[in-house]
Amino acid sequence: VQLQASGGGSVQAGGSLRLSCVVSGRTFSSYALGWFRQAPGKERDIVAAISRSGDDTYYADSVRGRFTVSKDNAKRKIYLQMNTLKPEDTAVYYCAADTHPYGDNWLSLSREKYDYWGQGTLVTVSS
């Protein structure tokens with residue numbers, strides 16, 4: 001399984017970006033998926049997660065109401081729509097796949113549960 005993230009860039013505060021991540025592998029629809037981010041000097045923390053059914057989502061408190069996670073099984077992609085960006089959103093964003101989720105509605109929230117990671121895409125938000 002390989003993941004390739006794209007869509008990062010530089011934007012002013014209040015702007016928007018959409019991250020995409022294409023996932024290889026024959027059973028994309030069976031994966032739970034997530035987005036994490038890591039700012040300089042900080043740990044990699046979860047931003048959003050989506051269950052393999054697509055019916056359940058999770059958002060970190062810091063992004064809830066501004067970010068939206070979604071997936072397209074036909075295109076084998078996961079997306080992160082980021083609106084009303086703030087300087088504190090500046091980080092490298094990583095997509096990740098949990099290829100053995102515990103159920104259709106399982107949300108993988110810990111780094112350790114994810115077994116495949118993308119290379120990261122940098123998002124810089126200026127004030």
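Just so you know, these numbers come straight off a predicted model, no measurement behind them. Note that the numbering runs from 1 along the sequence shown for the chain.
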Going hydrophobic residue to hydrophobic residue with side-chain gaps under 4.5 angstrom, can you get from [X] over to [Y]?
{"X": "Tyr59", "Y": "Leu109", "result": "no"}
{"X": "Leu19", "Y": "Tyr94", "result": "no"}
{"X": "Phe28", "Y": "Ile50", "result": "yes"}

Is there a donor-acceptor contact under 3.5 Å from the side chain of [X] to the main chain of [Y]?
{"X": "Trp117", "Y": "Leu3", "value": "no"}
{"X": "Arg44", "Y": "Arg111", "value": "no"}
{"X": "Tyr79", "Y": "Thr68", "value": "no"}
{"X": "Lys77", "Y": "Ser70", "value": "no"}

Distance in Å, [X] [atom1] paired with [Y] [atom2], rounded so as to fall on 0.5 Å steps:
{"X": "Ser6", "Y": "Tyr93", "atom1": "OG", "atom2": "OH", "value": "15.0 Å"}
{"X": "Tyr114", "Y": "Phe36", "atom1": "OH", "atom2": "CZ", "value": "5.0 Å"}
{"X": "Arg64", "Y": "Thr57", "atom1": "CZ", "atom2": "OG1", "value": "9.0 Å"}
{"X": "Leu85", "Y": "Gln12", "atom1": "CG", "atom2": "CD", "value": "11.5 Å"}
{"X": "Leu17", "Y": "Leu80", "atom1": "CG", "atom2": "CG", "value": "9.5 Å"}
{"X": "Ile46", "Y": "Tyr58", "atom1": "CD1", "atom2": "OH", "value": "6.0 Å"}

(message) Run Tyr31 and Val1 through side chain to side chain contact (heavy atoms under 4.5 Å, CB included) and show every step you take.
(response) CA-CA 11 Å; Tyr31 304 158; Val1 177; 3.5 Å; yes

(message) I'd like to check Ser62 versus Arg37 (side-chain heavy atoms, cut-off strictly below 4.5 Å). Are they in contact?
(response) yes

(request) Check whether any side-chain heavy atom of Tyr116 sits under 4.5 Å from a side-chain heavy atom of Val23, and report yes or no. (result) no

Could you report the tightest heavy-atom contact between [X] and [Y], atom names first, then the distance?
{"X": "Val69", "Y": "Ala48", "value": "CB-CB, 3.9 Å"}
{"X": "Ser108", "Y": "Ala32", "value": "OG-CB, 3.8 Å"}
{"X": "Gln81", "Y": "Ser16", "value": "NE2-CB, 4.0 Å"}

Contacts under 3.5 angstrom, residues 118-127 side chains, donor-acceptor by atom type, not counting sequence neighbours:
residue : atom : partner : partner atom : Å
Gln119  : OE1  : Ala5    : N            : 3.2
Gln119  : NE2  : Ala5    : O            : 2.9
Thr121  : OG1  : Gly8    : N            : 3.1

(message) Are more than 12 heavy atoms, taken from residues, nucleotides or ligands other than Gln2, located less than 6.0 Å from that residue's CD atom?
(response) no

(request) Might you confirm whether atom CD of Glu112 has over 12 heavy atoms from other residues, nucleotides or ligands at distances under 6.0 Å? (result) yes

(message) Regarding Lys86 and Asp89, does a basic nitrogen lie under 4.0 Å from an acidic carboxylate oxygen?
(response) no

(message) Under a 3.5 Å cutoff, is there a donor and acceptor pairing between the side chains of Asn105 and Ser51?
(response) no

(message) Side chains of Ser29 and Asn73 only: does a donor on one sit below 3.5 Å from an acceptor on the other?
(response) no

